[in-house]
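What follows is a set of notes on a single structure, which appears directly below.
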Amino acid sequence: MDCALTMALAYRPVMQLGGMLLSLLGWVLSCLTTYLPQWKNLNLELNELEIWTMGLWQACVVQEEGGMQCKDFDSFLALPPELRFSRILMFFSNGLGLVGLLLSGFGLDCLKLGERQQDQKKRLLQFGGMLFWISGITAIVPVSWVAHSTVQEFWDENIPDIVPRWDLGEALFVGWLAGFCLILGGSLLNCTICSTEVHPSSGHYAVAEQQDQHRLQLVGLLLSTLGWILTGTCNYLPDWKNLNLDLNELELWTMGLWQMCIDQDVGGTQCKDFDSFLALPLEFRTSRILASSSNGPSFLSLVISSLGLDCLMMEDTEQKLKKQLLLLGGILMWIAGVLVLVPVSCVAHNIVQEFGDEQVLEIVPRWEIGDALFSGWFGGFFVILGGSLLLSTVVI
């Protein structure tokens, strides 16, 4: 029995280190897959010295004499559905993988942070392992979807044989390997949770547990602060919607909640504030109210949660008050996150609907999803995640 216990304790750090290294490798490969332009390859039989490649962000031409020339896609909504959704899912995979690395790193046994911290470390490892699983799945789904569509189009009998057909690119194989490494790394971390562990004497149990709780609260507060910064930036960024004019590719129109801008390669950026609030589209009026309302509860939650942190030394009689402050701060963070996610999702939904409206003539320029919406999505996600971590430390 003692031998088995010793073996289990000896292999726990090795499995955890192996899981972290595999997850780190998977995350790097996932980020690489997102930006590689070789999701699809096209060989032209008429010109064997030229290879066309397509990724999530650009299409490239590889020539033996002229090297590689790439051009970014002008329109996100004009992309095929599998490439649009793949871009979104790969973003989520990269973000979840990064959060999983941070949380799992705090839960490793080799990180000596005190005694009797195993319960808190178990939670961090379990949460990190689950994030690695989700990250791996959200990496495998888009590459498999693109591969499936490519294979279907390749064997489509309705397409004449003389028409060139796309083939599977190298980035898809990198994505499959990334998803496999992330899932395997998360599985190894979760396996160490179920392994046997030694419970030391409980002399410093309360102090060690309190130190773990401090760190989890600090991570939650930092994530919420990052989310608050992103949501505040989203509120005032002028590129909620982008418009590329085919007649003038050197000019980009952007529209935000407060102003409209024209970005010119020669003349720089010129912006003009909206004269009337009521003249704005309905989704922009509602979005301005909700996004502005989100900044207040988000900032208030940061202040309230800071006062409720365990690292802020107070009398034992005030511990109940600190828990109530953390609880209130976490709930306010959830509300602030939802208040951001709703308007950006509403605006994105309307843009997609207008872009795909068949009643609009094709020669009419159409608005695209702007960068500010992605800032809002990430900001709302971080605020909600930070609030959840704070609430998890509250024992009711």
Side-chain angles (χ1 to χ4, degrees), residues 25-95 97 135-183 242 244 246 249 348 351-352 355-358 362-363 365-366 368-369 371 374:
L25 174 62
W27 177 72
V28 173
L29 292 176
S30 175
C31 295
L32 187 63
T33 304
T34 306
Y35 296 102
L36 276 177
Q38 291 93 8
W39 281 58
K40 291 181 175 184
N41 295 337
L42 180 66
N43 287 309
L44 300 176
E45 296 181 357
L46 299 177
N47 187 1
E48 296 182 355
L49 301 179
E50 190 174 270
I51 300 176
W52 289 69
T53 65
M54 179 185 291
L56 299 181
W57 306 95
Q58 57 188 358
C60 299
V61 181
V62 183
Q63 298 172 325
E64 291 192 3
E65 297 180 356
M68 178 183 289
Q69 297 179 355
C70 297
K71 184 181 184 300
D72 294 337
F73 295 125
D74 296 326
S75 171
F76 169 75
L77 297 177
L79 292 175
E82 64 271 16
L83 292 185
R84 292 203 304 268
F85 285 103
S86 295
R87 187 185 290 189
I88 297 172
L89 289 175
M90 292 305 296
F91 257 129
F92 275 106
S93 176
N94 298 339
S135 177
I137 292 173
T138 51
I140 290 177
V141 167
V143 295
S144 301
W145 187 1
V146 171
H148 174 72
S149 301
T150 304
V151 171
Q152 274 194 324
E153 294 173 0
F154 188 90
W155 296 109
D156 191 352
E157 298 179 354
N158 297 323
I159 301 176
D161 293 337
I162 61 173
V163 177
R165 309 191 185 203
W166 290 98
D167 205 345
L168 300 180
E170 293 85 352
L172 300 182
F173 298 95
V174 178
W176 278 317
L177 180 60
F180 172 76
C181 290
L182 285 168
I183 293 175
N242 295 337
N244 283 310
D246 295 333
E249 296 184 354
I351 293 173
V352 173
F355 189 91
D357 191 353
E358 298 179 354
E362 294 184 358
I363 61 173
R366 309 191 187 201
E368 287 278 339
I369 293 177
D371 301 332
F374 295 97

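All values derive from a computational prediction rather than experimental measurement.
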Heavy atoms only: give me the nearest Leu29-Ala178 pair and the separation to one decimal. CB-CB, 3.5 Å
How long is the straight-line distance from CD of Glu170 back to NZ of Lys40, given to the nearest 0.5 Å? 14.5 Å
Strictly distance-based, threshold 3.5 Å: is any side-chain N or O of Ser144 a donor or acceptor partner for the main-chain N or O of Val141? no
Can you tell me how far apart SG (Cys181) and CH2 (Trp27) are? Round to the nearest 0.5 Å. 14.5 Å
Give the minimum heavy-atom separation between Ile183 and Gly136, together with the two atoms involved. CG1-CA, 4.0 Å
Contact check, side chains of Val143 and Val174, non-hydrogen atoms, under 4.5 Å: no
Out of curiosity, Leu177 CG to Leu182 CG, how far, rounded to the nearest 0.5 Å? 9.5 Å
Here the gap from Ile140 atom CD1 to Ser135 atom OG, rounded to the nearest 0.5 Å, amounts to 10.0 Å
Name the atoms and distances for all side-chain donor-acceptor pairs under 3.5 Å in residues 80-89, with sequence neighbours left out.
| from | atom 1 | to | atom 2 | distance (Å) |
| --- | --- | --- | --- | --- |
| Arg84 | NH1 | Leu77 | O | 3.1 |
| Arg84 | NH1 | Leu79 | O | 2.7 |
| Ser86 | OG | Glu82 | O | 2.4 |
| Arg87 | NE | Leu56 | O | 3.1 |
| Arg87 | NH2 | Leu56 | O | 2.5 |

Looking at every non-hydrogen atom in both residues, tell me the closest pair between Ile369 and Asn242 and how far apart they are. O-ND2, 4.0 Å
Kindly compute the distance separating CH2 (Trp166) from OG1 (Thr53), expressed to the nearest 0.5 Å. 7.0 Å
State whether the side chain of Ser149 and the backbone N or O of Trp145 hold a donor-acceptor pair below 3.5 Å, judged by distance alone. yes
For Ala139 versus Met90, what's the shortest heavy-atom pair and its separation? CA-SD, 3.9 Å
Within a reach of under 6.0 Å around CZ of Phe73, are more than 12 heavy atoms found that belong to other residues, nucleotides or ligands? yes
Heavy atoms of other groups near Phe355 CZ, more than 12 under 6.0 Å: yes
Taking Trp39 for the side chain and Thr33 for the main chain, is one N or O donor matched with an acceptor at less than 3.5 Å? yes
Indicate the ring-plane relationship of Tyr35 and Trp57, choosing parallel, tilted or perpendicular according to the 30° and 60° boundaries. parallel
Please confirm whether the backbone N or O of Cys60 pairs with a side-chain atom of Trp52, one donor and one acceptor, at under 3.5 Å? no
